[in-house]
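Note that this is a predicted model, so its numbers are computed, not measured. Below, chain A is the first sequence line, B the second, and so on; all start at residue 1. The figures here come from the full heavy-atom set of this structure, side chains too, leaving out hydrogens, waters and symmetry mates.
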Number of protein chains: 2
Amino acid sequence: MTARAEATRERLLKAAKQLVMSKGFAGMSIDDVLRATDLTKGAFFHHFKSKADLADQLMRWYAENDMKMFRTLLAEAEAAHDDPLDQLLKFLTDFEAYLCDPEHPPRGCMYALYTYEDDHFENAVKDFVAETLRTWTAMYIRKFQEVIDRHPPARHVSAKQLAEMFVAVIEGGLILERAHKNPGMAARQSEQFRSYLELLFPSAPRERAA
Amino acid sequence: MTARAEATRERLLKAAKQLVMSKGFAGMSIDDVLRATDLTKGAFFHHFKSKADLADQLMRWYAENDMKMFRTLLAEAEAAHDDPLDQLLKFLTDFEAYLCDPEHPPRGCMYALYTYEDDHFENAVKDFVAETLRTWTAMYIRKFQEVIDRHPPARHVSAKQLAEMFVAVIEGGLILERAHKNPGMAARQSEQFRSYLELLFPSAPRERAA
DNA sequence: CTCTCCATACAGACTGGTCTGTATATACTT
DNA sequence: AAGTATATACAGACCAGTCTGTATGGAGAG
């Protein structure tokens, strides 16, 4: 694949992402994507062998970018602090900043979207979404476990519960954000979640207050 | 509208609800609904003047049933306890039971679904969804305010924040539930939220422990 | 009580248009 | 020249919505 072809593929994927986020996958037609990119059927079917294939590739592409971003945020947080709780709280605040950044306006989560259109996707795609969410969650579980090991929680709680709650809170926040056309609601949910963590782990070091 | 006609209308709405929940609105065709109900175009267009009209009526019908359920749960909780926190906790546990009830299998929330298909709906419908969510949230805000007034929270928090967090947690839980095909994840989120509440309001009466 | 008449409720063929996907031609690159 | 990348034209399925027609139930007249 030449550089030009790769660029075309990206253009198609980017446009598809935007459209999917606002109309859903079934609601988006291939022609919509072509209109948005000023390309034609030939280009599309050269890169994707069907609309279902687009669904698949789009999700993989999205997940890859998404995951990269999260890993970066986490790595930065780990570099900045020693204590896992400090790391986590920095990660959360950085993530909140990202959520509020007007640079990234297609607010919403494509996993959630695919999940709500279920029947239209092949099992491979659905499994991939589930798998990705699992990986995502696992990342948080590891970190929460470190926190729990270091700081006795004020109330019995498992790393898995906390990890899942964080994912849920963000997904839910994004829905509220969309429904109310009120950017920032997802970030507020993350804040609220931090509040919960601070109650759970009162013995944490004060370094992060600085 | 005769009783028979009303029954037909309900049949159409029920089938549409099921289908929408599994394929999304754009992904569902009118013919899908007709196949599911063994009715015909004539019947459909007698009751709905267009597919958009179905979207509208379906949402209103759904919201009505939904709201009725929540109001009932809340009323029961208020009848069972004097303390607002006890009422709230009972409401949450009852709601968790409902979420786990295999009788109600179309897991998911239609507000979330509509939200993620945005562009396909008229403003009237979108506004209605936002309005309904607002009403829903307002119900919780009132109750949380009573709790805060009675029990000093361990950490500053507003009733609105808590209400929105609950809605977010449930919406997010439903997404996880769908993605992982794991019923019960939404209920577990509600549990986790209760855990937060119990940390927030440690001075609560012990009545609820009984 | 019963016959007539009409509104309501539904059936199902049909239309115009949109959708995905294919076939083929053309341009670019090396 | 050869393979890759994109354009264009088109086939055929499907979809929302329309139109004409039919069954049914109830109100009013006799």
Charged N to carboxylate O under 4.0 angstrom, Lys41(B) versus Asp31(B)? yes
Pair Glu117(B) + Lys23(A), salt bridge at N-O below 4.0 Å: no
How many Å lie between CG on Leu34(A) and P on dA5(D), as a whole number? 17 Å
Take the protein atom CZ of Phe44(B) and the nucleotide atom P of dC15(D), then report the distance between them rounded to whole Å. 13 Å
Mind running salt bridge (Lys or Arg N to Asp or Glu O under 4.0 Å) on Glu191(B) and Arg194(B) for me, showing each step along the way? CA-CA 5 Å; Glu191(B) 279 173 43; Arg194(B) 270 193 294 133; 5.0 Å; no
Whole-Å distance between dA16(D) C1' and Met28(B) CE? 12 Å
Apply side-chain hydrogen bond (donor to acceptor under 3.5 Å, both in side chains) to residues Tyr196(B) and Gln192(A) and explain how you reach the verdict. CA-CA 10 Å; Tyr196(B) 177 36; Gln192(A) 201 59 33; 2.9 Å; yes
Which dot-bracket string describes DNA chain C (Watson-Crick N1-N3 plus N6-O4 or O6-N4, or G-U N1-O2 and O6-N3, all under 3.5 Å; [ ] crossing; | other strand)? ||||||||||||||||||||||||||||||
May I ask you to say whether Asp86(B) pairs ionically with Lys90(B), meaning some side-chain N is under 4.0 Å from a carboxylate O? no
In whole Å, what is the span from the CG atom of Leu39(B) to the C1' atom of dA23(D)? 15 Å
Run the numbers on Leu162(B) and Val147(B) for side chain to side chain contact (heavy atoms under 4.5 Å, CB included), then give the verdict. CA-CA 11 Å; Leu162(B) 290 176; Val147(B) 173; over 6 Å; no
For dA9(C), does either OP1 or OP2 sit under 4.0 Å from a side-chain N or O belonging to His46(B)? yes
Report the C-alpha separation of Lys17(B) and Trp61(B) in whole Å, then their side-chain angles, then the decisive distance to 0.1 Å, and conclude whether the side chain to side chain contact (heavy atoms under 4.5 Å, CB included) test is met. CA-CA 10 Å; Lys17(B) 177 183 165 186; Trp61(B) 178 73; 4.0 Å; yes
Pair Lys143(A) + Glu146(A): basic N to acidic O under 4.0 Å: yes
note: Arg35(B), atom CZ; dA16(D), atom P; distance rounded to Å ~ 10 Å
With side chains defined as the heavy atoms from C-beta onward, is the minimum distance between Phe121(A) and Phe128(A) less than 4.5 Å? no
Just checking Glu122(B): does its CD atom have more than 12 heavy atoms from other residues, nucleotides or ligands closer to it than 6.0 angstrom? no
In whole Å, what is the span from the CZ atom of Phe45(B) to the P atom of dT15(C)? 17 Å
So, OP1 or OP2 of dT8(C): does either fall under 4.0 Å of a side-chain N or O from His47(B)? no
Can you give me the N/O atom pairs linking the protein to nucleotides 9-14 of chain D at distances under 3.5 Å, or say none if there are none?
none

Considering only heavy atoms, which members of residues 49-61 of chain A lie under 4.0 Å from some atom of DNA chain C? Ser50(A), Lys51(A)
Could Lys51(A) and Phe25(A) be counted as a cation-pi pair, given that NZ or CZ must be under 6.0 Å from the ring centre and within 45° of the axis? yes
